[in-house]
Amino acid sequence: MKERPLLLVSILALSLACVGLILGPALLGSQVRLGMTSSADKITSAHRQVTVRGLSEREIPANLVLWPLVFQIQAQQLDELQQSIDSQRGQVIDFLLNQGFDREQIQIVPPTITDREQNFYGERRPSHRFGADVVVLVRSDDARQVSQAMRETGALVTAGVALTQNYEHRPQFLFTDLEAVKPDMVAEATRDARRAAEQFAQDSGSRVGGILTATQGLFSIEDLDNYTPEIKKIRVVTTISFQLETP
């Protein structure tokens, strides 16, 4: 009679153990899945970001001008050629001094002399045996002064100085002080990028956090247009990724 209750207790304990083995992994699996979902939400939130570009542009006068005044001389004899070179070169220098340039800004470039009869072919000889390309170079940091003097060179042509111009001897208006404006322009481009990111954040119900990555593009320096080489347009673009945060 006493053995039957003991048998019932044993059967009940064994049944509970089996239920535990069946339900235990299921409950554990549910806990693991919930934990993974929570972690994934945190990762997704941490990687919300927006990538935008910022622009900075400025118009700045050129700070270095190389202005070659080129003219050609012809003569039958070398001594005549040299006399004409000296005479017309003196006219060019006087013109530049009258335009307000200092003597130190005017450089004499050795002339290029050609003996045309050395490369003569056929029966018709050149009218002048010798020719010379003569260059007087102005080196100035005042682009406005150079531009004004260029407009007055008709006086030299009227005086008999046949000025010429080609690609090799063309005026060059340069800007050489990029380091002086680079920090401010990069900061301006960064502010422009942040404004774009803030607009995006506002539209998406977020707020802009810190910078995740930033890339500075190359600076470009170009003439303002084909007719205003003395004014330079300087441009830089930055690419910045900002973190987006939940308000």
Side-chain angles (χ1 to χ4, degrees), residues 58-178 180-181 219-235:
R58 294 191 181 184
E59 296 178 5
I60 300 178
N63 67 339
L64 174 62
V65 185
L66 303 177
W67 178 28
L69 290 89
V70 185
F71 57 94
Q72 296 179 335
I73 300 293
Q74 300 181 85
Q76 192 62 33
Q77 301 296 328
L78 281 175
D79 57 346
E80 296 176 1
L81 186 73
Q82 187 61 54
Q83 290 175 7
S84 297
I85 291 174
D86 293 341
S87 175
Q88 295 196 28
R89 183 189 282 158
Q91 288 179 277
V92 172
I93 293 174
D94 289 342
F95 166 79
L96 294 173
L97 294 175
N98 290 334
Q99 293 295 319
F101 295 102
D102 296 332
R103 188 63 183 83
E104 292 74 17
Q105 296 175 290
I106 305 171
Q107 301 178 14
I108 304 301
V109 179
T112 300
I113 299 176
T114 303
D115 185 348
R116 296 171 177 172
E117 291 189 357
Q118 285 186 346
N119 299 319
F120 168 71
Y121 297 98
E123 298 180 357
R124 186 174 181 180
R125 291 181 175 276
S127 58
H128 298 87
R129 176 177 177 179
F130 297 103
D133 293 328
V134 187
V135 180
V136 177
L137 178 65
V138 175
R139 186 183 185 93
S140 173
D141 59 3
D142 191 338
R144 190 177 301 275
Q145 182 185 19
V146 173
S147 297
Q148 178 61 35
M150 285 180 173
R151 290 191 284 269
E152 303 295 331
T153 53
L156 283 173
V157 177
T158 302
V161 180
L163 293 177
T164 62
Q165 187 172 336
N166 54 43
Y167 184 81
E168 180 182 1
H169 298 109
R170 68 190 188 283
Q172 297 183 52
F173 292 84
L174 309 173
F175 181 74
T176 63
D177 199 14
L178 184 60
V181 300
F219 278 79
S220 64
I221 304 176
E222 300 176 348
D223 296 343
L224 181 61
D225 53 53
N226 291 335
Y227 305 99
T228 319
E230 66 272 18
I231 303 297
K232 297 300 179 182
K233 181 169 67 176
I234 304 177
R235 186 174 188 269

Original post:
Going through the checks in order, is the side chain to side chain contact (heavy atoms under 4.5 Å, CB included) test met by Phe130 and Asp115?
Top reply: CA-CA 5 Å; Phe130 297 103; Asp115 185 348; 3.8 Å; yes
Subject >> Test log, rule side chain to side chain contact (heavy atoms under 4.5 Å, CB included), inputs Ile60 and Asp177 >> reply: CA-CA 10 Å; Ile60 300 178; Asp177 199 14; over 6 Å; no
Original post:
Step by step, would you call Phe101 with Asp142 a side chain to side chain contact (heavy atoms under 4.5 Å, CB included)?
Top reply: CA-CA 10 Å; Phe101 295 102; Asp142 191 338; over 6 Å; no
Subject >> Verdict with supporting geometry, Arg129 and Leu78, side chain to side chain contact (heavy atoms under 4.5 Å, CB included) >> reply: CA-CA 9 Å; Arg129 176 177 177 179; Leu78 281 175; over 6 Å; no
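Put simply, CG on Leu96 and CG on Leu137 are 10.0 Å apart, with the number rounded to the nearest 0.5 Å. To the nearest 0.5 Å, atom CD of residue Gln72 and atom OG1 of residue Thr164 are 4.5 Å apart. Within the model, atoms CD of Gln105 and CZ of Arg139 stand 11.0 Å from one another, a figure rounded to the nearest 0.5 Å. The line from CG of Asp133 to OG1 of Thr112 is 6.0 Å long, rounded to the nearest 0.5 Å. Taking CG of Asp86 as the reference point, atom CD of Gln91 lies at 11.5 Å (rounded to 0.5 Å). Taken from CD1 in Ile234 to CD1 in Ile221, the straight-line distance is 5.0 Å, to the nearest 0.5 Å.
For Val146 against Ser140, the heavy-atom pair with the smallest separation is CG2-CB, 3.9 Å. The shortest non-hydrogen separation linking Gln76 to Glu80 is N-OE1, 3.8 Å. What you find for Pro229 and Phe173 is that their closest heavy atoms are O-CB, 3.2 Å. For the pair Pro61 and Ile231, the tightest heavy-atom approach, listed with the atom from each and the gap, is CA-CD1, 4.0 Å. When all heavy atoms of Phe95 and Ala149 are compared, the closest pair comes out as CZ-O, 3.7 Å.
Contact of the Pro68 side chain with the Glu168 side chain is not registered, since no non-hydrogen atoms from C-beta on lie closer than 4.5 Å. Arg151 is listed as a side-chain neighbour of Ser147, based on a closest heavy-atom distance under 4.5 Å. Put simply, the side chain of Val135 reaches to within 4.5 Å of the side chain of His169, judged on heavy atoms. Using a 4.5 Å heavy-atom cutoff, the side chains of Leu224 and Glu59 are in contact. The side-chain heavy atoms of Val138 and Val65, taken from C-beta on, include no pair separated by under 4.5 Å. Proximity of Ile108 to Ile93: side-chain heavy atoms (C-beta onward) are separated by under 4.5 Å at one or more points.
Using modelled atom types and a 3.5 Å distance limit, the side chains of Asp79 and Gln83 yield no donor-acceptor pair.
A distance-only check finds a donor-acceptor pair linking the side chain of Arg103 to the backbone of Ile106 [under 3.5 Å]. Of the possible polar contacts, none joining the Asp102 side chain to the Glu104 backbone as a donor-acceptor pair under 3.5 Å is found.
For the pair Asp223 and Lys232, the salt-bridge criterion is met [side-chain N within less than 4.0 Å of a carboxylate O].
Under a cut-off of 6.0 angstrom, the local environment of CZ in Arg170 is crowded, with over 12 non-hydrogen atoms contributed by other residues, nucleotides or ligands.
For the side chain to side chain donor-acceptor pair (under 3.5 Å) criterion with Gln148, the lone passing option out of Glu152, Arg144, Gln145 is Glu152.
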